[in-house]
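Just so it is clear, the model here is predicted, and its values are computed rather than measured.
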Amino acid sequence: MPRSPLSRTIWLHPEAPAKPAVGAACNGCGVCCALEPCPAGALLSRRLHGACTALRWNETAQCYRCGLLSAPDEVLARWPRPLRRWIHRHAGRWIASGQGCDADWTLHDGSLTKP
């Protein structure tokens with residue numbers, strides 16, 4: 001069966017939490033960042049499609065986190081230290097941290113589809 005152009009398959013950690021409903025609090029499922037980077041991630045990843053290179057699995061919390069917030073020295077290793085600190089301070093706003101889930105995709109038969 002051919003896939004819809006609005007259907008994508010992504011690979012996430014097997015222990016990742018289920019994607020919350022759109023607008024619900026973020027639970028670190030990783031779906032949004034595995035599908036495509038946010039504007040800050042697009043600049044960092046140098047891509048508009050596919051997984052953001054800043055996406056990091058947090059083994060302790062058993063969820064995904066944005067590396068701009070959780071591991072800025074790792075994610076921004078090639079950037080000058082003062083710029084890393086500045087980016088880290090502003091990254092929460094850039095990625096809309098705490099604003100709720102904005103990944104308007106649903107899981108169906110192992111693939112994500114856009115309604």
Side-chain angles (χ1 to χ4, degrees):
M1 170 189 248
R3 288 161 110 192
S4 157
L6 297 178
S7 176
R8 308 245 323 259
T9 300
I10 59 172
W11 301 101
L12 296 171
H13 193 284
E15 300 300 319
K19 183 194 161 311
V22 172
C26 176
N27 65 0
C29 73
V31 169
C32 55
C33 301
L35 283 167
E36 57 194 27
C38 69
L43 288 172
L44 183 68
S45 299
R46 290 183 253 153
R47 66 175 83 156
L48 297 175
H49 304 287
C52 178
T53 60
L55 185 61
R56 296 290 185 269
W57 175 252
N58 182 310
E59 190 65 41
T60 304
Q62 293 288 290
C63 65
Y64 284 97
R65 295 287 184 239
C66 175
L68 290 173
L69 295 173
S70 65
D73 288 334
E74 175 187 322
V75 172
L76 301 168
R78 295 183 176 181
W79 297 58
R81 186 173 301 279
L83 189 53
R84 277 188 255 167
R85 286 193 299 259
W86 186 86
I87 291 170
H88 177 67
R89 274 196 315 270
H90 293 87
R93 180 194 280 166
W94 297 338
I95 68 167
S97 178
Q99 299 303 306
C101 180
D102 66 353
D104 193 15
W105 292 76
T106 56
L107 184 64
H108 181 70
D109 294 334
S111 292
L112 290 162
T113 56
K114 193 111 169 135

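Proximity of a side-chain donor or acceptor of Arg84 to a complementary backbone N or O of Trp79 within less than 3.5 Å is detected. Remark: the backbone N or O of Cys52 is not paired with any side-chain donor or acceptor of Ser45 at under 3.5 angstrom. With Arg47 contributing its side chain and Leu44 its backbone, the two residues share no donor-acceptor pair below 3.5 Å.
When side chains are defined from C-beta on, Leu76 does not count as touching Leu83, because their heavy atoms never get closer than 4.5 Å.
To the nearest 0.5 Å, the span separating SG on Cys26 from CZ on Arg65 amounts to 6.5 Å. The CD1 atom of Ile95 sits 7.0 Å away from atom CG of Leu68, with the distance rounded to the nearest 0.5 Å. A distance of 9.0 Å separates CG of Leu55 from OG of Ser70, quoted to the nearest 0.5 Å.
Contact between Leu12 and Ala34 at its shortest, heavy atoms only, is CD2-CB, 3.7 Å. Taking both residues in full, the closest heavy atoms of Pro37 and Gly50 are given as CD-O, 3.2 Å, listed atom of the first, atom of the second, then distance. Minimum heavy-atom separation, Pro17 to Asn27: CG-O, 3.3 Å. Of all heavy-atom pairs between Glu36 and Leu48, the closest is CB-O, 3.8 Å. Between Lys19 and Cys101, the shortest heavy-atom distance links the atoms NZ-SG, 3.6 Å. A pairwise comparison of heavy atoms in Gly92 and Leu69 identifies N-CD2, 3.5 Å as the closest pair.
Identified under the ring pair (Phe, Tyr, Trp, His ring centres under 6.0 Å) test for residues 13-45, with sequence neighbours left out: His13-Trp57.
A parallel orientation is assigned to the rings of His90 and Trp94, their planes being inclined by less than 30° (bins at 30° and 60°).
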